[in-house]
Amino acid sequence: MVKEKREKTRKSAINEVVTRDYTVNLHKRIHGVGFKRRAPRAIKEIRKFAENAMGTPDVRIETRLNKHIWSQGVRSVPFRVRVRLSRRRNEDEDSPHKLYTLVSFIPVASFKGLQTENQEVSEV
């Protein structure tokens with residue numbers, strides 16, 4: 001028997017503008033990294049996490065998140081961080097990418113019981 005091939009009619013969800021909250025475990029991502037490279041590696045790992053989660057190669061990190069990562073110095077990076085990933089439309093016509101991801105910091109008292117949450121999109 002020959003199976004019929006079904007045509008894929010679903011459009012890609014990557015083209016949609018969406019906002020989600022994530023908890024990023026930096027502790028496991030910078031394990032074994034030398035002291036003077038920990039904070040820069042944490043920023044790179046957040047960038048890599050956002051690129052993987054949102055599917056956009058253009059990732060922009062807010063200054064508040066950068067200051068939080070560096071707040072305890074180069075070698076004492078926080079174990080976890082709560083971030084909001086917003087996939088947005090690129091206003092710059094010269095850019096090769098139609099969408100970009102904005103990563104912003106969410107201060108939380110405790111990380112216990114937090115899960116990934118979808119947020120309502122508000123175009124700002």
Side-chain angles (χ1 to χ4, degrees):
M1 282 192 240
V2 177
K3 290 185 180 179
E4 294 180 26
K5 289 188 178 180
R6 292 183 183 175
E7 294 181 26
K8 293 185 179 180
T9 56
R10 283 189 275 163
K11 68 176 189 176
S12 176
I14 292 177
N15 293 329
E16 295 178 17
V17 176
V18 69
T19 301
R20 293 190 198 107
D21 293 349
Y22 291 94
T23 302
V24 181
N25 186 352
L26 294 175
H27 194 229
K28 73 176 184 181
R29 288 178 167 84
I30 61 168
H31 175 73
V33 177
F35 278 158
K36 295 299 181 185
R37 296 186 183 95
R38 288 174 85 84
R41 175 67 69 88
I43 296 295
K44 288 174 188 157
E45 290 294 331
I46 290 172
R47 193 177 297 275
K48 192 164 82 173
F49 176 85
E51 185 176 335
N52 190 19
M54 288 294 180
T56 61
D58 186 5
V59 177
R60 302 172 190 179
I61 296 178
E62 275 192 349
T63 54
R64 284 185 60 217
L65 176 59
N66 191 46
K67 285 182 190 290
H68 177 71
I69 298 297
W70 283 86
S71 64
Q72 300 170 1
V74 68
R75 63 187 207 173
S76 299
V77 176
F79 283 176
R80 285 180 176 79
V81 66
R82 187 79 172 165
V83 294
R84 176 166 290 157
L85 302 184
S86 303
R87 191 185 307 133
R88 298 184 174 186
R89 300 204 188 285
N90 207 342
E91 302 298 326
D92 186 20
E93 286 83 22
D94 300 338
S95 175
H97 309 294
K98 290 189 290 187
L99 299 169
Y100 70 93
T101 301
L102 180 67
V103 186
S104 46
F105 172 63
I106 304 174
V108 292
S110 173
F111 294 101
K112 303 289 184 191
L114 290 177
Q115 294 183 335
T116 300
E117 298 175 359
N118 287 326
Q119 301 295 325
E120 277 70 39
V121 177
S122 60
E123 290 292 325
V124 178

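All residue numbers refer to positions in the sequence shown, counting from 1.
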Min side-chain heavy-atom separation [X]-[Y] under 4.5 Å:
| X | Y | answer |
| --- | --- | --- |
| Ile46 | Leu26 | yes |
| Arg37 | Ile30 | no |
| Val24 | Arg29 | yes |

What's the shortest heavy-atom distance between [X] and [Y], and which atoms?
| X | Y | result |
| --- | --- | --- |
| Val17 | Arg87 | CG1-O, 3.0 Å |
| Gly55 | Pro57 | O-CD, 4.1 Å |
| Ala53 | Arg20 | O-NH1, 4.1 Å |
| Ser76 | Gln72 | O-OE1, 2.7 Å |
| Ala39 | Gly73 | CB-O, 4.3 Å |
| His68 | Ser71 | O-OG, 2.8 Å |

- Message: Quick check on the hydrophobic clustering: are Leu99 and Met54 connected, directly or via other members, by side-chain heavy-atom contacts under 4.5 Å?
- Response: no
- Message: Same cluster or not: Leu102 versus Ile61, using hydrophobic residues (I, L, V, M, F, W, Y) connected whenever any side-chain heavy atoms lie under 4.5 Å apart?
- Response: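 Not linked; separate clusters.
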Look up atom [atom1] in [X] and atom [atom2] in [Y], then write down how far apart they are to the nearest 0.5 Å.
| X | Y | atom1 | atom2 | result |
| --- | --- | --- | --- | --- |
| Arg88 | Thr19 | CZ | OG1 | 6.5 Å |
| Arg80 | Lys28 | CZ | NZ | 9.0 Å |
| Arg89 | Glu91 | CZ | CD | 9.5 Å |
| Ile69 | Arg41 | CD1 | CZ | 14.0 Å |
| Lys98 | Glu93 | NZ | CD | 14.0 Å |
| Thr116 | Asp21 | OG1 | CG | 8.5 Å |

- Query: More than 12 non-hydrogen atoms from neighbouring residues, nucleotides or ligands closer than 6.0 Å to CD on Gln115, yes or no?
  - Reply: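 Result for CD/Gln115: open.
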- Message: Please list all pairs meeting ring-ring contact (aromatic ring centres under 6.0 Å, His included) that have one or both residues in residues 69-100, counting only residues at least two apart or in different chains.
- Response: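 Residue pairs passing ring-ring contact (aromatic ring centres under 6.0 Å, His included), neighbours aside: His27-Phe79.
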Would you be so kind as to tabulate the donor-acceptor pairs closer than 3.5 Å made by side chains of residues 104-114, with sequence neighbours excluded?
{"from": "Ser104", "atom 1": "OG", "to": "Arg84", "atom 2": "O", "distance (Å)": "3.4"}
{"from": "Ser110", "atom 1": "OG", "to": "Lys112", "atom 2": "N", "distance (Å)": "3.2"}

- Message: According to salt bridge (Lys or Arg N to Asp or Glu O under 4.0 Å), does anything in residues 45-58 pair up with another residue at least two apart or in another chain? List the pairs.
- Response: Glu45-Lys48, Asp58-Arg60
